[in-house]
Amino acid sequence: MRKEKKQEILDFINSLHQAHKEIRDALYQKEYGVAQNMLSECQEFAVTLGENIERLEGEGCITVSYIEEYCEVLFRIYEGIYSGQNNENKIHKILKRRLLNIENSVKNDISIKREIVFFPYKASMWDSLESVYLAAKEDPGCEVYCVPIPYYDLNPDHSIGEMHYEGSEYPDNIEIIDWQRYNFEERRPDVIYIHN
């Protein structure tokens with residue numbers, strides 16, 4: 001998982017910690033309907049969080065199982081409030097413990113991957129980047145992309161001339177991504193290699 005995605009998840013978990021305090025406060029004030037609504041919202045957020053983690057990390061991620069347990073606890077507390085079990089401090093402690101399990105799992109069980117992208121323009125100069133590319137490809141902590149970019153001739157009058165794109169001229173063992181499909185602003189790579 002990319003570092004910024006992991007941080008977004010941790011920020012999201014921090015928001016759930018804040019929601020737990022508001023649930024406790026609502027229970028202190030005997031606003032049981034408010035507390036139940038917040039519990040429902042926490043569950044909706046947790047389900048979305050679990051789906052996002054599973055999409056990014058794949059099925060079988062241990063963190064998702066902690067989220068499922070958290071959702072079960074939210075439901076039991078919701079039902080308990082309905083039947084008059086409203087011990088504010090006990091509920092807060094249970095929620096906090098379950099959420100800390102999720103938070104610790106995100107921190108310890110989900111590894112950070114760096115996205116490295118190579119933006120060569122001349123296939124004939126690829127040999128200067130190839131060894132770095134291949135080494136990065138072997139590193140399980142890296143997601144590596146080679147995105148050859150077009151270049152233009154400069155006309156004698158300093159206007160832009162003919163465009164050249166050499167993406168099909170790289171060795172077969174190099175996975176090429178089309179420069180028009182790689183969304184630089186969205187992907188925000190951690191490391192970029194370019195010629196010159």
For [X] versus [Y], what's the shortest heavy-atom pair and its separation?
X    : Y    : value
G161 : Y152 : O-CD2, 3.6 Å
A19  : M38  : O-CE, 3.8 Å
K113 : P140 : CE-O, 3.2 Å
P120 : L129 : CB-CD1, 4.3 Å

Do [X] and [Y] have side-chain heavy atoms sitting under 4.5 Å apart?
X    : Y    : result
L27  : I81  : yes
L39  : F75  : no
I110 : C61  : yes
L49  : I13  : yes
H92  : K21  : yes
V117 : V191 : no
P148 : K122 : no
P189 : I116 : no

Please say yes or no: joined through hydrophobic side-chain contacts below 4.5 Å, possibly via intermediate residues, are L100 and V106 part of one cluster?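 No, L100 does not connect to V106 through the hydrophobic network.
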Pairs flagged by side chain to side chain donor-acceptor pair (under 3.5 Å) wherever residues 159-169 is involved - sequence neighbours left out: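 Listed by first then second residue: Y151-E166, D153-H164, N155-S159, D157-S159.
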For H195, ring-ring contact (aromatic ring centres under 6.0 Å, His included) partners two or more places apart: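 Residues passing ring-ring contact (aromatic ring centres under 6.0 Å, His included) with H195: Y121.
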Looking only at the side chains, is there a donor atom on one of D11 and Q7 sitting less than 3.5 Å from an acceptor on the other?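 Per modelled atom types, D11 and Q7 side chains form a pair under 3.5 Å.
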CA sep, side-chain torsions, deciding dist, call: F119, W179, ring pair (Phe, Tyr, Trp, His ring centres under 6.0 Å): CA-CA 9 Å; F119 288 119; W179 65 279; over 10 Å; no
Who are the salt bridge (Lys or Arg N to Asp or Glu O under 4.0 Å) partners of E4, not counting sequence neighbours?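 For E4, the residues satisfying salt bridge (Lys or Arg N to Asp or Glu O under 4.0 Å) (neighbours in sequence not counted) are R2.
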Using the test salt bridge (Lys or Arg N to Asp or Glu O under 4.0 Å), find all partners of E69 that sit at least two apart in sequence or belong to another chain.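 Applying salt bridge (Lys or Arg N to Asp or Glu O under 4.0 Å) to E69 gives R98.
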Filter on ring-ring contact (aromatic ring centres under 6.0 Å, His included), then keep only pairs touching residues 22-45, sequence neighbours left out; what's left?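 Only F12-F45 qualify under ring-ring contact (aromatic ring centres under 6.0 Å, His included).
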I need the single residue from Y133, Y170, Y182 that forms a ring-ring contact (aromatic ring centres under 6.0 Å, His included) with F118. Which is it?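 So the option named by the test is Y133.
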In terms of side-chain geometry, is the basic nitrogen of E103 or K107 positioned less than 4.0 Å from the acidic oxygen of its partner?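 Yes, this pair counts.
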Evaluate whether atom CD of E59 has more than 12 neighbouring non-hydrogen atoms of other residues, nucleotides or ligands under 6.0 angstrom away.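 Incorrect, the count does not exceed 12.
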Sorted by first residue and then second, give each salt bridge (Lys or Arg N to Asp or Glu O under 4.0 Å) pair with at least one member in residues 175-188; sequence neighbours left out.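 Passing the test, one end in residues 175-188: E115-R187, K137-E175.
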